[in-house]
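No hydrogens, no waters, no symmetry mates; every other heavy atom, side chains included, goes into these values. Quick caveat: nothing in here was measured; it's all calculated off a predicted structure.
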Amino acid sequence: MTARDEVLGWFRESGAVLQGHFQYTSGRHGDTYFEKFQVLQHPAYTVKLCSLIAEHYRDAGATLVAGPTTGGVMLSFEVGRQLGLRAIFAERAEGGGRAFGRGFRINRGEKTLIVDDVLTTGGSVQDVIDAVRKAGGEPIGVAVLVDRTGGKADFGLPFFACLSLEVASYAPDECPLCKAGVPVSET
């Protein structure tokens with residue numbers, strides 16, 4: 001069994017891979033949804049997934065781990081714990097993007113690993129990268145649990161995905177499921 005098969009197995013065993021007609025956080029539509037909290041509710045799976053990220057970036061020089069709310073909170077904490085680093089999270093900012101609140105600080109030039117759960121368009125990841133830079137930090141890499149772009153995402157930084165799949169997504173007005181009259185599934 002390959003590492004990819006093992007990771008996909010964890011998602012399937014936990015009920016995290018759903019089939020239907022979904023609207024993603026990005027607003028795009030598709031037929032496959034990764035309900036990350038179905039896998040993240042199992043500490044054993046979360047530790048294993050974060051271990052893959054931590055091992056990939058162990059020697060990258062990070063001194064901080066940051067992620068977006070909500071899944072990124074758990075992931076940044078666990079990756080930070082495994083690497084012995086501080087972990088923070090960025091919340092949605094008024095007017096768009098993300099910002100670090102709750103007294104979180106990034107030291108000037110602090111080498112920061114960005115982690116997130118499921119990547120569809122990369123908007124949340126880019127928002128965290130921008131927030132890190134705005135706060136004076138230096139992003140050194142990005143890691144996600146699932147890359148739905150099949151490796152097409154490019155943030156101009158080293159990138160790692162525990163699982164990379166090419167899963168089609170569509171603008172609502174181009175969605176074949178909408179055109180076929182298939183109702184959007186509840187998640």
Side-chain angles (χ1 to χ4, degrees), residues 1-14 16-17 34 36-91 98 100 102-166:
M1 178 183 305
T2 67
R4 179 189 181 280
D5 292 337
E6 187 173 24
V7 170
L8 186 55
W10 299 336
F11 275 85
R12 286 192 172 131
E13 288 165 19
S14 67
V17 183
F34 286 85
K36 68 247 176 200
F37 290 113
Q38 289 299 308
V39 75
L40 293 177
Q41 72 178 329
H42 299 279
Y45 290 142
T46 303
V47 168
K48 289 176 184 180
L49 290 162
C50 290
S51 177
L52 295 172
I53 294 169
E55 286 310 308
H56 185 83
Y57 282 104
R58 184 158 308 281
D59 299 321
T63 57
L64 176 66
V65 181
T69 52
T70 25
V73 174
M74 295 170 70
L75 299 174
S76 62
F77 173 85
E78 181 58 25
V79 171
R81 186 190 71 77
Q82 290 188 29
L83 292 174
L85 303 177
R86 193 165 59 95
I88 63 176
F89 56 88
E91 298 175 83
R98 297 208 177 242
F100 296 102
R102 303 177 189 269
F104 291 142
R105 298 280 182 251
I106 297 178
N107 298 317
R108 178 145 308 284
E110 192 162 16
K111 296 184 181 323
T112 307
L113 172 62
I114 287 61
V115 297
D116 199 6
D117 43 44
V118 180
L119 176 84
T120 299
T121 64
S124 294
V125 168
Q126 189 60 57
D127 286 349
V128 176
I129 291 169
D130 294 345
V132 167
R133 288 183 173 138
K134 183 177 180 181
E138 179 186 339
I140 57 98
V142 172
V144 298
L145 298 183
V146 179
D147 170 16
R148 294 171 41 88
T149 73
K152 294 178 184 168
D154 184 4
F155 300 101
L157 296 166
F159 180 78
F160 173 79
C162 297
L163 177 63
S164 184
L165 303 164
E166 188 159 4

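Look at E78 and K48 and you find no salt bridge, because none of the NZ, NE, NH1 or NH2 atoms lies under 4.0 Å from a carboxylate O.
Note that the CD1 atom of I88 and the OG atom of S76 stand 8.0 Å from one another [nearest 0.5 Å]. D117 contributes atom CG, which lies 6.5 Å from atom CZ of F37 (distance to the nearest 0.5 angstrom). Rounding to the nearest 0.5 Å gives a distance of 12.0 Å between CG of L163 and CG of L119.
Residue pairs meeting the ring pair (Phe, Tyr, Trp, His ring centres under 6.0 Å) criterion with at least one partner in residues 102-123, sequence neighbours excluded, are F89-F104.
In terms of the side chain to side chain contact (heavy atoms under 4.5 Å, CB included) criterion, residue partners of E6 (sequence neighbours excluded) are, by chain and number, M1, W10. Applying the salt bridge (charged side-chain N to carboxylate O under 4.0 Å, His left out) criterion to K152, with sequence neighbours excluded, gives E166. For the side chain to side chain contact (heavy atoms under 4.5 Å, CB included) test, residues two or more places apart in sequence or in another chain that qualify with A90 are R98, F100, V128. Here R105 pairs with nothing under the side chain to side chain contact (heavy atoms under 4.5 Å, CB included) rule; sequence neighbours left out. I129 pairs by the side chain to side chain contact (heavy atoms under 4.5 Å, CB included) definition with I114, V125, Q126, R133, P139, V142, F155, L157, not counting sequence neighbours.
No side-chain donor from either of D127 and S124 sits under 3.5 Å from a side-chain acceptor of the other.
Across every non-hydrogen atom of L64 and A87, the tightest pair is CD1-N, 4.3 Å.
Between L145 and L52 there is no side-chain heavy-atom pair separated by less than 4.5 Å.
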